[in-house]
Each structure stands twice: as structure tokens, then as C-alpha cells.
Amino acid sequence: MFQPVTIPLWLFVLILLFAGIAFLSHFLFPSVRWFFRRRMERVVARLNARLERPIQPFKLMRRPDMIVRLVHDPEVAKVIADEAAASGEPESVLQERARRYAREIVPAFSATVYFGIAVRAAKWLSRLIYDVRIDRPGAAVEAGIDKGATVVFVMNHRSNMDYVLVTHLVSTRSALSYAVGEWARVWPLSWLIRASGAYFIHRRRSNPLYRRILSRYVQMATEEGVTQAIFPEGGLSLTGEVGAARLGILSYLVGAWHPGGRDVVFVPVALGYDRVLEDRVLVAAHKEGTRRFRASLWSIAKFVGRQVKRALGGRFHKFGGASVSFGTPVSLAAFMEAPHADPVADLGAALMERIRRNVPVLPVPLLAAAFEGEGAVARAELIRRAEALVARLGDVGARPDLPPGGAAAAVGAAIRLLALRKVVFEEGDEVRVNPVERDLIGFYAAPVRQHLAADAASDRAEMPGYMAD
Ligand SMILES: CCCCCCCCCCCCCCCC(=O)SCCNC(=O)CCNC(=O)[C@H](O)C(C)(C)COP(=O)(O)OP(=O)(O)OC[C@H]1O[C@@H](n2cnc3c(N)ncnc32)[C@H](O)[C@@H]1OP(=O)(O)O
């Protein structure tokens, strides 16, 4: 019993290692975890005291617990049982697949990462590159919304700066949970996104098990009051116009609502830019008719490097304005009071219409539209056309977001911004579009075109089920 045992050194080291791991996981990790949990709870309590829409307990649930809850949800279990019966695959295999899907979707929200890193970085970056303007303040729009309702920000997707701007602008009121496409599943971006409370979507995966897990996750979050943000177009606009809604996430959100239950209130958010960071990439993708973006990590790094070099040399100019308009909210309870042959399709169309009408028109889109597809126009004529456009935009209820000095000042500012990028050249009295950039001018003119094409006769206040404007 007490005689010595001789073992090789490597085995001794291995035993020590395993003993150390066992000690840590049994004695130290639980208390360390408890310490961090208490700290997190104190941080959240402090944040909730000042946030208009507090961080919901659902958002703070431990990720493993959330995954278990999702995999064992009765609706998910039913899909597993149905698929097992139909395909002959063992239920345990399908359950493992369900766990994999749930792990992919479920976020790992950290209030410290969201408010300490993401919000600060969003504020810094937004202000560094744009003159951020709020066409219609979100606070005023949200003030009338029932405190118990689940708020969902529904946004048009022009740029990867969209969520940076909106995260910054609503950060004093709530923490947003975004629906993010599979493109962002690259480390460390995926870690930051999960820790910011966003959930991942695999847009091309349409098998029933995956879709049921995704829909249940969205519905649980909605039933528990988690403030969310979605891009119903499902990707960046290649043309500059606001596209139609894909109805998946909206249908899950509508499915989470029951008469008499917690209301779901959609806040339409419209974004407009003087310069969209990805403009040339989007225009090229549109031309090729693909959604494959030719922006390698190397080209992004080169772009950032050029801007840093300019900043260090004191030659960095902001990219103009970025304007965000928070539209009149749509209450799902009120919307459902009116009869709808297809409620989800009607809701999607109505929300996108509201976003489309609210897209702010900044100087560059105004100038781009004033070219009217021509290659060269006299400056005075551009100002005259811009003034006429501003009047017509006013007639259809659009709100141009222009500097003091109106159309003339806007034309001057836009020419300066585009000339810096060699998109236009000034030759005497004439402003000439660089022939290789004509598509880019069309891309920027798109929101103006869309405003003017909208049927001015249909008054949004008359749409059934809407909160009054
Ligand atoms: C500096 C640091 C700053 C940091 C700041 C931090 C922030 C933290 C980062 C955030 C970062 C965000 C970045 C986001 C930017 C993107 O990633 S945008 C792209 C991702 N988002 C989206 O795609 C959302 C919108 N997409 C959808 O809703 C899509 O529909 C889906 C769910 C992906 C599926 O797409 P789909 O296969 O094309 O199918 P779709 O027809 O749309 O939908 C089918 C479903 O809808 C149902 N449906 C369709 N029509 C109807 C109808 N009329 N009635 C009822 N149901 C219907 C069908 O039944 C079907 O149901 P399921 O079979 O799924 O159960």
C-alpha cells in the first residue's frame, strides 16, 4: 500500500496536467464563473437603470442553456420526429444536427462587449468618416411605443455602415439584436458579432429542421421582448434602390404574436449616404449580375491603409453625410385588426414602402440625379435642376437632407466630394462625369429616382392598421 511506484516522467507530467484540469473545472471555474456572473449582473443593472428598453433576461441567458431550450422545444422535437419517420435516420443523429444548428444561431451576448466595445467603436467610426445626421430622431418616434412591446427596427441595407450608425444612434435607448448573414462567420468578427447579441442566419439553408430552429429562436426572443434589427432585403442593395422584403424573418416575427399578447412594433429605418463605402463593388456586382462581391481582405486593407495615410498627412476628408430617418412605427396588433389576405406579404410590402418614402436625399444623390444621365452639364444648369428636384421631392413627401444654402450649396458640396474621388471633373463652367464612373452616378441617383417614381397619390396615413403619422 505504501511502497513507491516508478513511472516515466512524461506519464507523471500527464497525470499532473489532468489533475490540474480536474481541480480547475471542479473548484476554481465555478467560483470564477460565479464572480463574472455577479459582475455582469451589476453592469446590466446599472445599464438598465438608464436604458429606455432594458436588456431582457432572455438575452442574458447562458448560451448552453439557450441551445438546450431550443433543441428540446416541442416544435423542433416534432420536426425531428417527423424527419426521422420519413427518412429512417435515427432521432439521435437529427438531434445532434439540431444542436449544431442551434450552436450556429444562438448569440453569446455580453453587455460589456456591446456597450464597452461595439457601441464605442460604432460611435467613433461613424463620426470619424461621416457627418452623421438624424433626419427624424428615433427617440421621438419611439416615445409613443408601449414599454412592454417588442421593438423591431426594420432597415434598408445600403452599406456595412448601416448597423454601425444605427447601433450608435440607439445606444442610449436599447441594445439591438441583429439578424446576420453567414458572410460574417469569420473569426474574430463572428465572436464580436455573437458577443454583441446578434444571431446568425444561413440564408441558403432551407431544410425544415434548420428553418424551424431559426424561427423558434426568433419567436422566443420576440415573445421575451428582445429589441431586434433586421434587413428584410436580405443583403446590400446593388442598385441603390430599396428592394422588396424577403418574408422569412418577418413571418417568424408575425408567428410570435398572439391577439392580446405582447405587441410587436416595427420601426422603419431609412438610411441615405453621400458616399457608400462599398459603392464600386456593388455597382460591379450588379453589372455582372451576381451577388459575389469582389472585395478581398487585401483590397479592404489597402483601402483602410490609404485613408490612414491621408489622415496622418492631414489630408483626410470625411465621406460627406450619412443620414438616418426613423419612420412612424407600425404596431402589429393594430395592423392585424384590418383584414389581410396575406398578412406577412402585406406587412413586408407596407414596411418597405414606408422605408422607401423616408430615404433621406443627401447632396450627392441630388447632384447625381441632376445629371439626368448626361455626361457633362453646366454648373448653373445643375443647380437649376437640383432646385427643381427639391421641389418635386417635396411634392411626393420626401425630405431632402441638404446643408444650409439649399440646392445650390448641396450641388457645390457634392461636386467637391465627387471631384476628390475623380468621379466628376470641373472644366470651366462645366461639370463632367468621368466616363468610367457613369454607373456610379446612376447608383447614387437611384434613391431620388425611386422617390419620384413612387405614387404620390397613395397617402401612407391612409394605410390600414398603421399608427397615425
Ligand atoms: C465598429 C463596430 C460596430 C459593431 C456594431 C455591432 C452590431 C453587431 C453586428 C451586426 C451586424 C449586422 C449585419 C447584418 C447584415 C446582414 O447580414 S443582412 C443579411 C441577413 N439578414 C437577412 O437575410 C434577413 C432577411 N432575410 C430573410 O428573412 C430570409 O427570408 C431568410 C430567413 C434568410 C430565408 O430566405 P429565403 O430562403 O429566401 O426564403 P423567404 O421566402 O424569404 O422565406 C421563407 C420562409 O418565409 C415564409 N413565408 C414566405 N412568404 C410568406 C407569407 N406570405 N406568409 C407567411 N410566411 C411566408 C415561408 O413559409 C418560409 O418559412 P420557413 O420555411 O423558413 O419556415
Side-chain angles (χ1 to χ4, degrees), residues 75-76 79 101 105 107-111 113-130 152-171 174-186 188-219 227-237 243-257 269 271 277-278 291 293 304 336 340-352:
E75 289 188 34
V76 174
V79 177
Y101 292 156
I105 295 166
F109 179 71
S110 155
V113 171
Y114 188 84
F115 287 99
I117 301 176
V119 162
R120 284 186 190 170
K123 180 177 175 182
W124 173 79
L125 188 61
S126 305
R127 291 175 167 190
L128 177 75
I129 60 177
Y130 289 117
V152 181
F153 292 87
V154 187
M155 304 151 62
N156 65 323
H157 202 9
R158 293 298 309 274
S159 165
N160 279 294
M161 283 303 291
D162 297 344
Y163 48 86
V164 177
L165 283 160
V166 173
T167 300
H168 156 48
L169 293 178
V170 303
S171 63
S174 45
L176 295 179
S177 174
Y178 287 91
V180 188
E182 62 292 328
W183 62 268
R185 281 180 54 205
V186 278
L189 186 63
S190 55
W191 170 83
L192 177 68
I193 284 176
R194 269 190 217 289
S196 301
Y199 60 94
F200 277 102
I201 301 176
H202 207 300
R203 287 167 289 184
R204 282 182 297 276
R205 191 184 285 143
S206 59
N207 72 69
L209 179 58
Y210 174 74
R211 284 297 171 84
R212 186 51 53 93
I213 293 173
L214 177 62
S215 65
R216 285 304 297 139
Y217 175 76
V218 174
Q219 288 169 352
T227 309
Q228 297 162 56
I230 55 168
F231 295 92
E233 291 161 282
L236 289 163
S237 165
R246 292 171 85 177
L247 299 177
I249 300 289
L250 279 176
S251 72
Y252 310 153
L253 287 161
V254 170
W257 176 82
V269 183
L271 294 112
L277 295 186
E278 310 83 340
R291 286 205 70 87
F293 301 138
V304 174
M336 292 303 233
H340 295 283
D342 187 340
V344 175
D346 289 357
L347 179 68
L351 287 171
M352 295 322 284

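Nothing fancy with the numbering, it's 1 onward along the sequence. We count ligands from 1, going down the list as the structure has it; atoms in each ligand are counted the same way. Everything quoted here is computed from the prediction, not taken from an experiment.
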(request) Say whether T167 and Y178, considering side chains only, have a donor N or O and an acceptor N or O under 3.5 Å apart. (result) yes
(message) Restricting to non-hydrogen atoms, name the atom on G348 and the atom on L250 that form the minimum distance, rounded to 0.1 Å.
(response) CA-CD1, 3.6 Å
(message) How far is atom 9 (C) of ligand 1 from the closest protein heavy atom, and which atom is that?
(response) I193 CG1, 3.9 Å
(request) Return the option from G181, A175, S177, S196 holding the heavy atom at the smallest distance from atom 8 (C) of ligand 1. (result) S196
(request) Could you tell me whether some N/O pair between I249 and ligand 1 is separated by less than 3.5 angstrom? (result) yes
(message) Test of understanding: given a 4.0 Å heavy-atom threshold, classify the contact between Y252 and ligand 1 as side chain, backbone, both, or neither.
(response) side chain
(message) I'd like to know if the side chain of Q228 and the backbone of S177 have a donor-acceptor N/O pair within less than 3.5 Å.
(response) no
(request) State, with a plain yes or no, whether a side-chain heavy atom of L253 is found less than 4.5 Å away from one of I230. (result) yes
(request) May I ask you to check if ligand 1 and T167 share an N or O to N or O distance below 3.5 Å? (result) no
(message) Minimum distance, heavy atoms only, to atom 53 (N) of ligand 1: which one of V180, D162, V164, D342 is it?
(response) D342
(message) Regarding ligand 1, does G248 bring an N or O atom to under 3.5 Å of one of the ligand's N or O atoms?
(response) yes
(message) Strictly less than 4.0 Å: does any protein heavy-atom distance to atom 15 (C) of ligand 1 fall in that range?
(response) yes
(message) Is it true that, when you exclude R120 itself, more than 12 heavy atoms of the residues, nucleotides or ligands shown sit nearer than 6.0 Å to its CZ?
(response) no
(message) Under 3.5 Å between any N/O of W183 and any N/O of ligand 1: does that happen in this structure?
(response) yes
(request) Measure L247 to ligand 1 on non-hydrogen atoms and call it side chain, backbone, both or neither using the 4.0 Å cut-off. (result) both
(message) Checking F231 now: which residues fulfil ring-ring contact (aromatic ring centres under 6.0 Å, His included) with it, not counting sequence neighbours?
(response) H157
(request) Pick one of side chain, backbone, both or neither for how H157 approaches ligand 1, counting any non-hydrogen atom pair under 4.0 Å. (result) side chain
(message) Using a 4.0 Å cut-off to any heavy atom of I201, which atoms of ligand 1 qualify?
(response) 21 (N), 22 (C), 33 (C)
(message) For atom 48 (N) of ligand 1, tell me which residue out of G255, A195, G348, S251 has the closest non-hydrogen atom.
(response) S251
(message) Quick check: closest heavy atoms across A341 and D346, and the distance to 0.1 Å?
(response) N-OD2, 4.2 Å
(message) Counting only heavy atoms closer than 4.0 Å, does ligand 1 sit against the backbone of R211, its side chain, both, or neither?
(response) side chain
(request) Report the part of F231 in contact with ligand 1, treating N, CA, C, O as backbone and CB onward as side chain, heavy atoms under 4.0 Å; options are side chain, backbone, both, neither. (result) both
(message) Please list the nearest protein heavy atom to atom 4 (C) of ligand 1 with its residue and the distance rounded to 0.1 Å.
(response) A118 CB, 4.1 Å
(request) Identify which of A229, A121, P208 has a heavy atom lying nearest to atom 2 (C) of ligand 1. (result) A121
(request) Might you point out which heavy atoms bring M155 and D162 nearest each other, and give the distance in Å? (result) CE-O, 3.9 Å
(request) Taking atom 60 (C) of ligand 1 as the reference point, report whether a protein heavy atom occurs under 4.0 Å from it. (result) no
(request) Look at atom 21 (N) of ligand 1 and say which protein heavy atom is nearest, naming residue and atom and giving the distance to 0.1 Å. (result) A179 O, 3.7 Å
(request) Among all protein heavy atoms, pick out the one at the shortest distance from atom 36 (P) of ligand 1; state its residue, atom name and that distance to 0.1 Å. (result) R246 NH2, 3.6 Å
(message) Between ligand 1 and S215, can you find any atom pair, the residue atom being a heavy atom, that is separated by under 4.0 Å?
(response) no
(request) Indicate yes or no: at least one non-hydrogen side-chain atom of R212 is less than 4.5 angstrom from one of L209. (result) no
(request) Work out which heavy atom in S196 is nearest to a heavy atom in A118; give both atom names and the distance. (result) OG-CB, 3.8 Å
(request) Considering heavy atoms of the protein only, find what lies nearest to atom 23 (O) of ligand 1 and give residue, atom and distance to 0.1 Å. (result) G234 CA, 3.4 Å
(request) Around atom 54 (N) of ligand 1, find the nearest protein heavy atom and jot down its residue, atom name and distance. (result) V344 CB, 3.4 Å
(request) Kindly indicate whether atom 19 (C) of ligand 1 is approached by any protein heavy atom to under 4.0 angstrom. (result) yes
(message) I need the full list of ring pair (Phe, Tyr, Trp, His ring centres under 6.0 Å) pairs touching residues 188-209, with sequence neighbours left out, sorted by first then second residue.
(response) Y199-Y217
(message) Please report the interatomic distance OH(Y101) to CZ(R211), rounded to the nearest 0.5 Å.
(response) 11.0 Å
(request) Measure across N156 and E233 and return the closest heavy-atom pair with its distance rounded to 0.1 Å. (result) CA-OE1, 3.2 Å
(message) Ignoring hydrogens, what is the shortest heavy-atom contact between T227 and S174? Give both atom names and the distance.
(response) CG2-OG, 3.9 Å
